[in-house]
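Reading through the structure tokens given below for one structure.
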Amino acid sequence: MKHTIRTEIIINASKEKVWNILSDLGNYAVWNPFIVQSEGQLQAGTKLKNTLQNGAKTIVFTPKVLSVIPNRYFDWLGSLWIKGLFDGHHYFEIEEISPNQVNLVHGENFSGLLSSLILKQIGSETRNNFVKMNQALKTRVEQP
């Protein structure tokens with residue numbers, strides 16, 4: 001069974017500027033309230049080490065980067081414990097509206113045997129964290 005969290009936000013900046021901040025994983029600790037640390041290369045086939053802040057809990061996971069299309073899209077696949085129990089396909093898509101405005105689509109598709117149970121517990125908080133991250137990105141990118 002699949003479950004989806006999908007969020008969107010309009011950002012008043014070029015796709016290149018949004019991409020530069022979003023793809024600079026090493027600086028997530030400076031601005032990102034959800035993925036508070038990210039280590040690794042944003043390159044298909046590599047593993048990242050991401051630290052999430054979900055309420056009072058900190059969770060570390062090591063997703064595999066699936067694809068990277070500069071100025072447009074990247075995604076990764078992570079699993080909790082063993083693949084197939086609780087898997088998350090996390091993605092960021094930058095849709096250009098005009099040269100100085102984009103729509104950021106930020107979402108995750110969850111699957112696995114425990115996905116329904118886990119999402120009942122953390123689904124709304126996870127969605128709120130996506131929204132907080134989107135807003136923090138918008139604020140950072142739109143700074144003069």
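When a residue number appears, it is its place in the shown sequence, counting from 1.
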Side-chain touch [X]/[Y], heavy atoms, less than 4.5 angstrom:
X: Trp76; Y: His89; value: no
X: Gln37; Y: Glu39; value: yes
X: Asn50; Y: Thr62; value: no
X: Ile97; Y: Ile10; value: yes
X: Ile11; Y: Glu142; value: yes
X: Leu42; Y: Phe74; value: yes
X: Phe110; Y: Ile118; value: no
X: Ile21; Y: Leu137; value: yes

Subject >> Verdict with reasoning, Phe130 to Ile5, per side-chain contact (heavy atoms from CB on, under 4.5 Å) >> reply: CA-CA 9 Å; Phe130 283 23; Ile5 294 176; 3.7 Å; yes

Please check if [X] and [Y] belong to a single hydrophobic cluster, counting links between Ile, Leu, Val, Met, Phe, Trp and Tyr side chain heavy atoms closer than 4.5 Å.
X: Val105; Y: Val102; result: no
X: Tyr91; Y: Ile35; result: no
X: Leu77; Y: Leu48; result: no
X: Val131; Y: Trp31; result: no
X: Tyr73; Y: Leu25; result: no

For [X] and [Y], work out which heavy atoms get closest and say how close.
X: Gln41; Y: Val65; result: O-CG2, 4.1 Å
X: Pro33; Y: Ala136; result: CD-CB, 3.6 Å
X: Ala44; Y: Ser67; result: CB-CA, 4.2 Å

Interatomic spacing from [atom1] in [X] to [atom2] in [Y] - rounded to 0.5 Å:
X: Lys15; Y: Glu96; atom1: NZ; atom2: CD; value: 4.5 Å
X: Met133; Y: Asn32; atom1: CE; atom2: CG; value: 4.0 Å
X: Leu104; Y: Leu22; atom1: CG; atom2: CG; value: 6.5 Å
X: Lys49; Y: Phe61; atom1: NZ; atom2: CZ; value: 12.5 Å
X: Glu16; Y: Asn71; atom1: CD; atom2: CG; value: 4.5 Å
X: Arg127; Y: Lys132; atom1: CZ; atom2: NZ; value: 14.0 Å

Original post:
Between Asn129 and Glu125, is there a donor-acceptor pair closer than 3.5 Å when you use the side chain of the first and the backbone of the second?
Top reply: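 Indeed, once roles are kept as given, a pair shorter than 3.5 Å links the two residues.
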
Original post:
Is a side-chain N or O of Thr58 found less than 3.5 angstrom from the main chain of Gln53, in a donor-acceptor match?
Top reply: no

Subject >> Sole residue of Asp24, Ile94, Ile69 in side chain to side chain contact (heavy atoms under 4.5 Å, CB included) with Trp19 >> reply: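 Running side chain to side chain contact (heavy atoms under 4.5 Å, CB included) over Asp24, Ile94, Ile69 with Trp19 returns exactly one hit, Ile94.
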
Original post:
Where do His3 and Asn109 land on the side chain to side chain donor-acceptor pair (under 3.5 Å) test, with the steps shown first?
Top reply: CA-CA 6 Å; His3 305 278; Asn109 298 313; over 6 Å; no

**OP:** Decide yes or no on side chain to side chain donor-acceptor pair (under 3.5 Å) for Ser79 and Asp87, but give the supporting numbers first.
**Re:** CA-CA 4 Å; Ser79 298; Asp87 303 327; 2.7 Å; yes

Subject >> Arg6 and Glu8 ion-paired at < 4.0 Å >> reply: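 Salt bridge between Arg6 and Glu8, a charged N being under 4.0 Å from a carboxylate O: yes.
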
Subject >> Stepwise ring-ring contact (aromatic ring centres under 6.0 Å, His included) test for Phe34 and His106 >> reply: CA-CA 13 Å; Phe34 178 47; His106 173 196; 7.2 Å; no

Original post:
Is the number of heavy atoms from other residues, nucleotides or ligands under 6.0 Å of Lys64 NZ greater than 12?
Top reply: no

